[in-house]
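Okay, structure first, notes after.
Chain letters run A, B, ... following the sequence lines, proteins first, then strands; residues in each count from 1. When reading the values below, keep in mind they use all heavy atoms of this one structure, side chains included, and skip hydrogens, waters and symmetry mates.
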2 protein chains.
Amino acid sequence: MGERKSGKSSEKKPVQKTGVTLSDIAKAMGLSAMTVSRAFTGSEQISEKTKQEVLKCAKELGYVPNRWARSLVTRRSSIIGVLIPEISHTYFAEVTCGVEEIVDKTGFDLLLCHSRGDAEKERAEIHMLIGTRADGLIIASVQDSKTERPFAELEDAGIPFVLVDRFFPNRRFSSVLVDDLEVGEIATNHLIDMGHRLIAHIQGPPVTPAVLRRRGYLSAMKAHGLPVDKEWMIGKDFSNQNGYVSMRKLLQLKPRPTAVFAANDPLAIGAVRACREAGFRVPEDISVVGAGSIEGDHNPNPFLTTVWWPNQEMGRAAAELLMKAIAESDGGETHIRTFAPKLLVRHSSGPAPTK
Amino acid sequence: MGERKSGKSSEKKPVQKTGVTLSDIAKAMGLSAMTVSRAFTGSEQISEKTKQEVLKCAKELGYVPNRWARSLVTRRSSIIGVLIPEISHTYFAEVTCGVEEIVDKTGFDLLLCHSRGDAEKERAEIHMLIGTRADGLIIASVQDSKTERPFAELEDAGIPFVLVDRFFPNRRFSSVLVDDLEVGEIATNHLIDMGHRLIAHIQGPPVTPAVLRRRGYLSAMKAHGLPVDKEWMIGKDFSNQNGYVSMRKLLQLKPRPTAVFAANDPLAIGAVRACREAGFRVPEDISVVGAGSIEGDHNPNPFLTTVWWPNQEMGRAAAELLMKAIAESDGGETHIRTFAPKLLVRHSSGPAPTK
DNA sequence: AACTGACTCGTTAGCGTTAACGCGTCTGGA
DNA sequence: TCCAGACGCGTTAACGCTAACGAGTCAGTT
């Protein structure tokens with residue numbers, strides 16, 4: 001067995017598999033480990049000269065300080081946990097991107113965790129993050145009001161956290177929100193303004209944002225004296241598939257709705273697909289409005305009329321709240337930042353058919 | 001000056017800010033720390049009875065094992081680093097999602113790092129990940145062939161890694177790829193089949209995938225004896241904005257191209273936008289084909305004709321390669337898996353205008 | 001009765017790093 | 001000349017955990 005790399009090596013030293021340590025380079029330089037440590041921690045108690053020498057020697061030997069040994073004694077991991085249902089949802093990807101921007105700037109790193117929409121998995125991940133001694137958490141929770149237990153654990157562990165787009169009325173947690181009630185109202189009002197009266201709603205799962213958007217839909221309809229048939233509210237999760245299936249059902253109703261407010265964009269896109277397959281034109285025959293559009297350069301969808309809000313900025317805001325909570329470590333106050341949604345009129349909505 | 005923690009404490013125990021430790025519950029139960037440890041590590045050297053008692057007591061006291069203390073002695077962090085340009089690109093989000101799926105299943109966690117397309121930042125993150133003693137890395141690198149230095153560092157540190165969609169011909173690294181040459185050919189051939197002859201190409205940045213797609217475009221054109229004007233190849237990065245700007249320039253050429261192959265979907269969407277703004281219809285006047293479509297339920301784009309490949313599955317494949325490399329720790333062999341792209345004909349491409 | 005071996009549990013030593021303190025050396029001012 | 005104080009470095013003792021070995025108990029075997 002040939003050694004693949006003999007390092008700097010003195011004589012035999014088979015393979016330094018474990019990696020170079022502080023005391024390795026301390027010995028090599030005839031210094032104490034402490035002095036070497038000081039060269040890396042930015043301590044004042046070391047002369048500039050030896051500091052440079054140490055850094056140089058460390059580089060040659062390929063030494064990189066062991067983060068965990070350090071954080072064990074420092075009691076800070078410099079790790080922020082991000083706990084979301086799934087990163088492939090563009091919405092969460094953009095929030096996460098905003099979080100990363102701030103967090104990276106402050107010298108922390110991101111541990112990415114998926115709850116996959118499962119409250120129990122979320123709980124397990126929180127537990128894991130406590131074990132990881134994360135310095136803080138950003139959570140897009142799938143817990144409902146009855147299962148706040150995981151958050152209590154976090155508080156016991158003294159780990160600050162900020163919720164994204166989830167609000168628990170009975171308990172104040174720091175959070176960053178969109179006004180989801182307004183989302184529902186804006187979308188619905190737009191359709192009403194275009195002359196629609198038979199407006200259906202494809203809803204999401206029973207989490208706060210979806211519930212509020214639905215409530216906004218209902219409130220807008222009511223405000224205009226428009227009746228809402230129970231069959232017009234349909235759907236059970238945020239998937240494209242659900243949008244497709246729900247729309248197919250809606251198309252069979254009579255009278256057939258002339259417009260649909262879908263609780264998010266994937267739902268809306270699924271709905272559009274169902275309409276077209278069934279031979280209806282969008283928006284000439286049926287108008288569709290989504291919600292939660294993606295921003296930025298990467299994946300714009302130029303077709304769908306939708307209600308937009310600044311995902312990435314919300315991520316930044318959440319991270320800023322968290323950074324402040326960590327820095328001040330008061331742990332006491334909770335802050336809530338709410339963002340206003342905005343209607344983006346594009347090409348999937350139009351005037352109600354005159355028929 | 002108040003003592004922040006009086007150890008195990010006898011009477012008052014103000015706030016155990018530091019968190020409960022192994023020996024805390026060892027003392028509480030009259031056991032040794034080792035026995036308690038065994039209850040958590042799944043060791044055989046403990047009776048089922050005491051194990052359950054320990055677990056129960058730990059739960060009551062809110063004890064969670066300190067991951068870093070553990071990994072310090074274990075020499076395994078159970079952390080996989082994912083180093084990508086930016087998670088808000090749906091492409092990387094989906095790859096990451098696939099990675100997470102496998103990695104989570106195997107008991108690892110993901111440290112998410114952004115290179116932001118900057119080779120130097122990427123290098124810094126790799127350095128950080130070495131310090132973190134990550135057990136393995138998945139990298140969508142922005143290094144070019146001349147700057148492989150970071151990878152050498154990884155090899156020295158004995159950290160296995162798998163590259164995603166980057167290939168370094170002069171050096172064999174384990175990697176997962178799409179056949180980008182074929183991507184370019186498929187897209188271009190499709191347009192040629194539709195009768196187009198004046199086909200332009202909006203290209204990406206000078207990284208391997210973009211270069212290969214362009215080469216595929218050229219090869220397809222050449223194979224059909226079609227000339228390529230230098231002005232038809234334009235563009236410098238993967239952004240939507242670049243697609244828009246480049247298309248505007250292409251529209252002013254005479255003769256004006258009747259079709260465009262854009263190196264990825266954001267480019268294509270930007271191009272479509274430019275066409276429409278200038279009063280051209282897509283696909284009646286101009287056909288546009290993208291590449292790298294997103295899959296899954298969340299963000300389908302039902303309009304764009306594009307070349308597709310299985311992002312999420314590629315992520316899974318990369319993670320599986322990495323898991324194997326970690327488990328076997330041979331570190332020797334390198335594996336390369338290539339995925340075939342597939343044309344998705346939708347509504348942004350059509351027959352060449354007869355003029 | 002003595003021996004073997006399986007089971008449980010404890011003891012000793014670190015893993016690689018930093019906090020806190022201590023000890024020389026050198027400088028400058030009275 | 002002497003001493004305060006700054007400066008640069010070393011020593012000791014953790015941080016919370018587990019590997020490796022060792023010791024005690026109890027059953028079954030010879």
Practice problem: Describe the nucleic acid contact of B/Thr50 in one word from base, sugar-phosphate, nothing, applying a heavy-atom distance below 4.0 Å. | Solution: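 It contacts sugar-phosphate atoms only.
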Please check the phosphate of [N] (OP1 and OP2 only) for any side-chain N or O of [X] closer than 4.0 Å.
X	N	answer
B/Thr21	D/dG16	no
A/Ser47	D/dC9	yes
B/Arg75	C/dG16	yes

Quiz item: DNA chain C: A/Asn66 or B/Glu44, which has the more 5' nearest nucleotide?
Solution: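 Residue closer to the 5' terminus by nearest nucleotide: B/Glu44.
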Self-check item: Close side-chain approach of A/Thr132 to B/Trp68, heavy-atom, < 4.5 Å
Solution: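 Yes, side chains in contact.
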Quiz item: Below 4.5 Å, heavy atoms only, C-beta onward: do B/His127 and B/Arg123 meet side chain to side chain?
Solution: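 Counting from C-beta outward, B/His127 and B/Arg123 never come under 4.5 Å.
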Quiz prompt | Set of residues satisfying side-chain hydrogen bond (donor to acceptor under 3.5 Å, both in side chains) with respect to B/Thr35, sequence neighbours excluded | solution =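 Listed in chain order: B/Ser32.
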Exercise. Using the test side-chain hydrogen bond (donor to acceptor under 3.5 Å, both in side chains), find all partners of B/Glu60 that sit at least two apart in sequence or belong to another chain.
Key: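 If we apply the side-chain hydrogen bond (donor to acceptor under 3.5 Å, both in side chains) test to B/Glu60, skipping adjacent residues, there are no hits.
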Quiz item: Which word best sums up how the rings of A/Phe151 and A/Phe161 line up, parallel for under 30°, tilted for 30 to 60°, or perpendicular for over 60°?
Solution: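 Taking A/Phe161 first and then A/Phe151, their aromatic rings lie parallel (interplane angle under 30°).
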Measure the distance from [atom1] on [X] to [atom2] on [N] and round it to the nearest whole Å.
X	N	atom1	atom2	answer
B/Lys49	D/dT25	NZ	P	17 Å
A/Arg76	C/dT18	CZ	C1'	14 Å
A/Met29	D/dG8	CE	P	15 Å
A/Gln52	D/dG8	CD	C1'	16 Å
B/Arg67	D/dC15	CZ	C1'	18 Å
A/Lys27	C/dT17	NZ	C1'	14 Å
B/Lys51	C/dC9	NZ	C1'	15 Å
A/Ile46	C/dT18	CD1	P	12 Å

Quiz item: Any sub-3.5 Å donor-acceptor pair from B/Arg133's side-chain atoms to B/Ile130's backbone N or O?
Solution: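 Yes, because the side chain of B/Arg133 sits within donor-acceptor range (under 3.5 Å) of the backbone of B/Ile130.
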Quiz item: Is a side-chain N or O of A/Ser115 found less than 3.5 angstrom from the main chain of A/Lys121, in a donor-acceptor match?
Solution: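 Here the side-chain-to-backbone pair does not exist.
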Self-check item: Residue A/Thr35, side-chain atoms from C-beta onward, closest of C/dC9, D/dG10, C/dG16
Solution: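 Of the options given, the side chain of A/Thr35 lies nearest D/dG10.
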Please produce a list of atom pairs where a protein N or O lies less than 3.5 Å from an N or O of nucleotides 18-21 of chain D.
from	atom 1	to	atom 2	distance (Å)
D/dT18	OP1	B/Arg70	NE	2.7
D/dT18	OP1	B/Arg70	NH2	3.1
D/dT18	OP2	B/Ser37	OG	2.2
D/dT18	O5'	B/Ser37	OG	3.4

